[in-house]
There are 2 protein chains.
Amino acid sequence: MTASSRSSAAVEDYLERILELMTTKGYARVVDIAASLQISQASVTNMLQRLDAEGFINYEKYRGLMLTESGEAVARAIAQRHELLTDFLTLLGVPSEVREHDIEGIEHHMSPSTLLAIESLTMELKKHPMLLKKIQGAQKKRRSRGPLRSEE
Amino acid sequence: MTASSRSSAAVEDYLERILELMTTKGYARVVDIAASLQISQASVTNMLQRLDAEGFINYEKYRGLMLTESGEAVARAIAQRHELLTDFLTLLGVPSEVREHDIEGIEHHMSPSTLLAIESLTMELKKHPMLLKKIQGAQKKRRSRGPLRSEE
DNA sequence: AAAAATAATTAGCCTAACCTAATTTTTTGT
DNA sequence: ACAAAAAATTAGGTTAGGCTAATTATTTTT
Ligand SMILES: [Mn+2]
Ligand SMILES: [Mn+2]
Ligand SMILES: [Mn+2]
Ligand SMILES: [Mn+2]
């Protein structure tokens, strides 16, 4: 922890994706990150310079990047948070595309307290499959009956 | 629904707060909105012009504003979404300050599917107080034992 | 060893949301 | 009715995080 402290949503998304690319492909070039985040290469270059300046990666022009110790730790925490949320919403039966889209947004706004609560809840729900069935059933019903609004 | 369609987080927060002020105080002046959102009056004026242009409010310079039919409908939906999340996280025992802070962020990133799932879950959880006790208990334990990290 | 293709960088713009300072309008107190 | 205070607006920034087009560096193909 050298300086700043609070990371933006964008920084978190970059770090998360870099770690994922490193893990799955073994490297994370500008062009890979750009494709994966659906962002221009120019924007990626720009952010990499910033991540380097903030000590999350070691970055050498044209030569590539490595996560620093600190950067990797942060990235792993971000990935874990994302996984917990995936776990939770999957359990509830949220369809995977919308689920992942929502998680990409909400993950940046969850404090440790809230995450802990959801973790406890997730663990408990896994022990009660009947309850989960009921919850999923309730959704189907309400989805088919009224699409939105009303009841006031 | 005149034109654009997707509202930003900022727009949603303004509409939500305007409705709340209207409800609790009977009016929402620039100065009230500014104080409530902790934002400068200049920024509020700016946003009000935009909300008027987008058809969410009727706004007359120096004279005040009213939510349009459409603006009020949107604001009510936003408020309801916020309430659902408050209900849910309260049930889980997330402390109120952190809870409200988190909700202010995440509420803008939840699709109808996810909200429906959480609504079903919340209803079900309310029927099982023992389960809630267990969840809250689990959090206390993990909070006191390891503050963060480790276990790998 | 070139030439061509691919990857990366730089330069210059853009927009959303904020801000402060200055100005104008409205409301309030005497 | 007028001065003072409060509220609102305008003018002119700033910052984050995107973009495209042009340029430069690296890698691959012939
Ligand atoms: Mn994300
Ligand atoms: Mn994520
Ligand atoms: Mn909010
Ligand atoms: Mn809210």
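Basis for what follows: all heavy atoms, side chains included, without hydrogens, waters or symmetry-related copies.
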Under 4.0 Å from OP1 or OP2 of [N]: is there any side-chain N or O of [X] that close?
X	N	value
A/Lys61	C/dT10	yes
B/Arg29	D/dT9	no
B/Gln49	D/dA8	no
B/Arg50	C/dC18	no

* **Point-to-point distance, once rounded to the nearest 0.5 Å, from OG1 of B/Thr122 to CG of B/Leu92** => 7.5 Å

Just how far, in rounded Å, is [atom2] of [N] from [atom1] of [X]?
X	N	atom1	atom2	result
B/Glu12	C/dA17	CD	P	11 Å
B/Tyr59	C/dT25	OH	P	13 Å
A/Ile33	C/dT9	CD1	C1'	14 Å
A/Tyr27	D/dT27	OH	P	13 Å
B/Asp52	D/dT9	CG	P	11 Å
A/Leu48	D/dG18	CG	P	12 Å

* Return yes if some donor-acceptor pair links the side-chain N/O of A/Arg142 with the main-chain N/O of B/Leu116 below 3.5 Å, else return no. => no

* Does the A/Gln136 side chain pair with the main chain of A/Leu91, one donor and one acceptor, at a distance under 3.5 Å? -> yes

* Structure fact -> Checking B/Glu119, B/Glu16, B/Glu12 against B/Arg81 for salt bridge (Lys or Arg N to Asp or Glu O under 4.0 Å), the one that qualifies is B/Glu12

* **Near-strand residues of residues 35-47 of chain A, defined as heavy-atom separation under 4.0 angstrom from DNA chain C** => A/Gln41, A/Ala42, A/Thr45

* Pair A/His128 + B/His128: ring centers closer than 6.0 Å -> no

* To do: For A/Tyr62 and for A/Ser8, find the nucleotide of DNA chain D with the closest heavy atom, then tell me which residue's nucleotide is more 5'.
  => A/Ser8

* Search all heavy atoms of A/Ser120 against all heavy atoms of B/Ala138 and return the closest pair with its distance. => OG-CB, 3.9 Å

Check: residues 22-32 of chain B side-chain donor-acceptor pairs under 3.5 Å, at least two apart:
from: B/Thr23; atom 1: OG1; to: B/Leu19; atom 2: O; distance (Å): 2.7
from: B/Thr24; atom 1: OG1; to: B/Glu20; atom 2: O; distance (Å): 3.0
from: B/Lys25; atom 1: NZ; to: B/Asp32; atom 2: OD1; distance (Å): 3.4
from: B/Arg29; atom 1: NE; to: B/Asp32; atom 2: OD2; distance (Å): 3.0
from: B/Arg29; atom 1: NH2; to: B/Asp32; atom 2: OD1; distance (Å): 3.2
from: B/Asp32; atom 1: OD2; to: B/Arg29; atom 2: N; distance (Å): 2.9

